K.L.:
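Before anything else, here's the structure in question.
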Amino acid sequence: MRKLLRKALTVVALVAPLVPGVASAASGDKYAIVFKNTGNPYGDRQMGGFKQGIEEQGFQAILRAPDQPTAEAQIQILEQLISQQVKAICIVGNDRDALQPVLTKATKKGIKVFSLDSGVNPASRLTHVNQADSEKIGQTLVQAAFDMSGGSGEIAILSATSQATNQNLWIEFMKKELAKPKFANLKLVKVAYGDDLRDKSVSEAEGLLQSFPNLKVIIAPTTVGIAAAGKVLTDKGLGGKVFLTGLGLPSEMATYIENGVCPYMFLWNPIDVGYLGSYTATALVSGKITGKVGEKFKAGKLGDYTITKAPDGGTEVLLGPPFKFDKANIADWKKVY
Ligand code: RAM
């Protein structure tokens, strides 16, 4: 049945441009996603989900990411995508505000622009595809540090870049949570930035251990950072002394969950985030949604979604709650993503 459908779609795609007056199934329409930087398995999965969703709808997916996780590098790619006349751009922002001029330029050319995973400011986007409730992520990670440390001691955050919108939002909510009386004995000693680059994240993790010999917990709200910290703590034999938690990719973290360095961590399915982005893109292009609160659309196999208000005053599409990974389930999940 699936094969037949695919065959039928291919025939339509080949024939449609030749038949005057028939709106083509638009198989040539290009939909682009721009991730933060290359070399991040999380990003590959997220872009993979976007590609899958775009292609199953009969369109062409363009997956791009710069070598370095900077706004400047993304601007170059965005200029190229404008020239290529893509239908929509799904941006995973390396900066909240710096992309606004180029994204506004894209919008003026008729391209539907929205963010995903790491947002851009509301003025630069139609909506944002959010992987999980940002405030809950902050609260959950602080609670984890509280439980792992026994309720008191020094903790540090190992983040991505200092400009990353998603990490900055989660850190903001972590700090809000830490300000509550319950967490008065937890002391946040430093926020370090590994820039979502493996080597830099390793050296930043080492730096934290050196500067803070009494450190009890490292929270890394980035898959690159948490995997780097997992390796450092394992190599130094610090399992059980310095605990690790955060947001990690099960396939990269299984070793450190199994050896006890990271008792547990959280994440969502990055493939689903990208897939939801692909249906958000086509719904915006077809006019089914415009990015306003209350609008509804169907995201293929994921089902129905409604646009809601985002914490930054713009709108968002929320994938769902994050998932906890620990010794009991990591063996199953490490094969999935
Ligand atoms: C890294 C990236 C990504 C973030 C995850 C948790 O892979 O920074 O944007 O969502 O971690």
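Since this is a predicted model, take the numbers as computed values, not measurements. All residue numbers in this chain count up from 1 along the given sequence. Both counts, for ligands and for their atoms, begin at 1 and track the order of listing.
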K.L.:
Any side-chain to backbone donor/acceptor pair from Gln74 onto Asn37? Under 3.5 Å, distance only.
P.N.:
no

K.L.:
Give me the residue, atom name and distance of the protein heavy atom closest to atom 10 (O) of ligand 1.
P.N.:
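Atom 10 (O) of ligand 1 sits closest to the protein heavy atom Asp117 OD1, 2.7 Å.
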
K.L.:
Is a side-chain donor or acceptor of Thr223 paired with a backbone partner of Gly248 at a separation under 3.5 angstrom?
P.N.:
no

K.L.:
Decide if atom NZ of Lys231 counts as having more than 12 heavy atoms of other residues, nucleotides or ligands within a radius under 6.0 Å.
P.N.:
no

K.L.:
Side chain or backbone, does Asn40 bring an N or O within less than 3.5 Å of an N or O on ligand 1?
P.N.:
yes

K.L.:
May I ask you to list the atoms of ligand 1 that are less than 4.0 angstrom from any heavy atom of Tyr42?
P.N.:
3 (C), 7 (O), 10 (O)

K.L.:
Can the ring centres of Phe183 and Phe146 be said to be less than 6.0 Å apart?
P.N.:
yes

K.L.:
Could you check whether any side-chain N or O of Ser152 sits under 3.5 Å from a backbone N or O of Asn185, counting only pairs where one atom can act as donor and the other as acceptor?
P.N.:
no

K.L.:
So which heavy atom in the protein is nearest atom 8 (O) of ligand 1, and how far is it from that ligand atom?
P.N.:
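So the nearest neighbour among protein heavy atoms is Asp196 OD2, 2.6 Å.
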
K.L.:
Identify, by atom number and element, the atoms of ligand 1 in contact range of Trp268, meaning under 4.0 Å from any of its heavy atoms.
P.N.:
6 (C), 10 (O)

K.L.:
Using a strict 4.0 Å cut-off to heavy atoms of Gln131, name the atoms of ligand 1 that fall inside it.
P.N.:
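The list of qualifying atoms is 10 (O).
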
K.L.:
Give the atom numbers and elements of ligand 1 that come within less than 4.0 Å of a heavy atom of Thr222.
P.N.:
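Those of ligand 1 that fall under 4.0 Å from Thr222 are 1 (C), 11 (O).
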
K.L.:
Decide whether the shortest distance between a heavy atom of Phe266 and an atom of ligand 1 is less than 4.0 Å.
P.N.:
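In this structure, Phe266 fails to qualify as a contact of ligand 1 - no heavy atom is under 4.0 Å.
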
K.L.:
Looking only at non-hydrogen atoms, which of Asn166, Val92, Val224 approaches atom 4 (C) of ligand 1 most closely?
P.N.:
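The option holding the nearest heavy atom is Asn166.
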
K.L.:
Using only atom types and a distance under 3.5 Å, with no angle test, would you say the side chain of Asp326 pairs donor to acceptor with the backbone of Ala328?
P.N.:
yes

K.L.:
Strictly distance-based, threshold 3.5 Å: is any side-chain N or O of Glu79 a donor or acceptor partner for the main-chain N or O of Ile75?
P.N.:
no

K.L.:
Just need the protein heavy atom nearest to atom 7 (O) of ligand 1, so name the residue and atom and give the distance.
P.N.:
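Here the nearest protein heavy atom works out to Thr223 OG1, 2.5 Å.
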
K.L.:
Is any NZ, NE, NH1 or NH2 atom of the basic residue among Lys334 and Glu258 found under 4.0 Å from an Asp or Glu carboxylate oxygen of the other?
P.N.:
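Looking at Glu258 together with Lys334, the answer is yes, because their closest N to O distance falls below 4.0 Å.
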
K.L.:
Return a yes/no value for Gln167: is any of its N or O atoms, backbone included, closer than 3.5 angstrom to an N or O of ligand 1?
P.N.:
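Yes: some nitrogen or oxygen of Gln167 is under 3.5 Å from one in ligand 1.
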
K.L.:
Between Trp170 and ligand 1, which residue portion shows a heavy-atom distance shorter than 4.0 Å: side chain, backbone, both, or neither?
P.N.:
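The answer is the side chain of Trp170.
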
